[in-house]
Amino acid sequence: MRHSALFLAASLGLVLASSAFASDRPDPAKLTTKCQDKAAKQFDVKSDYIQLQPLQAADSGYSIAGIADAGMDGKKSFTCQFDKKGKLANLVPEAK
């Protein structure tokens with residue numbers, strides 16, 4: 001009986017520790033939405049005209065590469081850069 005209680009306590013501790021670790025990572029869907037919204041505003045287009053690549057881990061946090069279709073102004077490449085907590089740090093347009 002005592003071994004069961006110890007096992008249960010250890011299991012609960014492991015679950016709590018792993019869920020705390022998982023919550024430290026930002027939600028990729030939220031980062032994608034932040035990037036899409038910022039790019040749409042930056043390039044003055046609807047968010048439907050923004051195409052994004054998958055989220056990538058970077059040295060300073062995360063990044064998402066994308067292209068904005070600005071119609072007559074052409075397609076504009078950019079990268080959204082996030083810190084390790086998921087805060088949007090920069091939207092960097094690609095120079096041509």
Side-chain angles (χ1 to χ4, degrees):
M1 179 80 169
R2 184 172 182 160
H3 294 288
S4 298
L6 284 174
F7 180 72
L8 180 61
S11 297
L12 182 59
L14 183 60
V15 167
L16 291 174
S18 59
S19 67
F21 176 74
S23 67
D24 288 346
R25 288 183 262 156
D27 179 4
K30 287 182 181 178
L31 299 187
T32 299
T33 300
K34 285 181 190 178
C35 182
Q36 187 175 31
D37 292 346
K38 179 69 174 181
K41 187 174 181 179
Q42 172 102 11
F43 297 109
D44 195 26
V45 299
K46 292 181 182 180
S47 58
D48 294 346
Y49 295 102
I50 305 294
Q51 294 179 331
L52 299 176
Q53 298 296 316
L55 180 70
Q56 299 292 316
D59 291 337
S60 59
Y62 303 93
S63 67
I64 302 174
I67 297 174
D69 187 346
M72 300 279 293
D73 292 334
K75 294 187 178 190
K76 313 285 184 178
S77 298
F78 63 90
T79 301
C80 291
Q81 299 171 338
F82 297 89
D83 66 16
K84 291 183 181 191
K85 292 184 179 182
K87 181 179 177 189
L88 181 60
N90 293 309
L91 187 145
V92 182
E94 211 173 89
K96 288 191 177 190

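Since this is a predicted model, take the numbers as computed values, not measurements.
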- Just how far is it from atom CD of Gln36 to atom CG of Asp48, taken to the nearest 0.5 Å?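 So the gap between those two atoms works out to 7.5 Å.
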- Query: In Å, rounded to the nearest 0.5 Å, how long is the span from SG of Cys80 to CD of Gln56?
  - Reply: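 Separation between the atoms: 13.0 Å.
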- Task: List for me each residue that meets side chain to side chain donor-acceptor pair (under 3.5 Å) alongside Asn90, sequence neighbours excluded, and say none if there are none.
- Result: Gln81
- Query: Has the side chain of Lys34 got a donor or acceptor atom that lies under 3.5 Å from a matching backbone atom of Gly86?
  - Reply: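 Side chain of Lys34 to backbone of Gly86, a donor-acceptor pair under 3.5 Å: yes, one is there.
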- Any donor-acceptor N/O pair, Gln53 side chain to Ala65 backbone, under 3.5 Å: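 Not at all, since once roles are kept as given, no pair shorter than 3.5 Å links the two residues.
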- Task: Check the surroundings of atom CG in Asp44: do more than 12 heavy atoms from other residues, nucleotides or ligands lie under 6.0 Å from it?
- Result: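 No.
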- Item | For Gln42 against Pro93, the heavy-atom pair lying closest together | NE2-CG, 4.2 Å
- Message: Could you list the cluster mates of Tyr49? Members are the ILVMFWY residues connected by side-chain heavy atoms closer than 4.5 Å, either directly or through other members.
- Response: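 So far as hydrophobic clustering goes, Tyr49 is joined with Leu31, Phe43, Val45, Ile50, Leu52, Leu55, Tyr62, Ile64, Phe78, Phe82, Leu88, Leu91.
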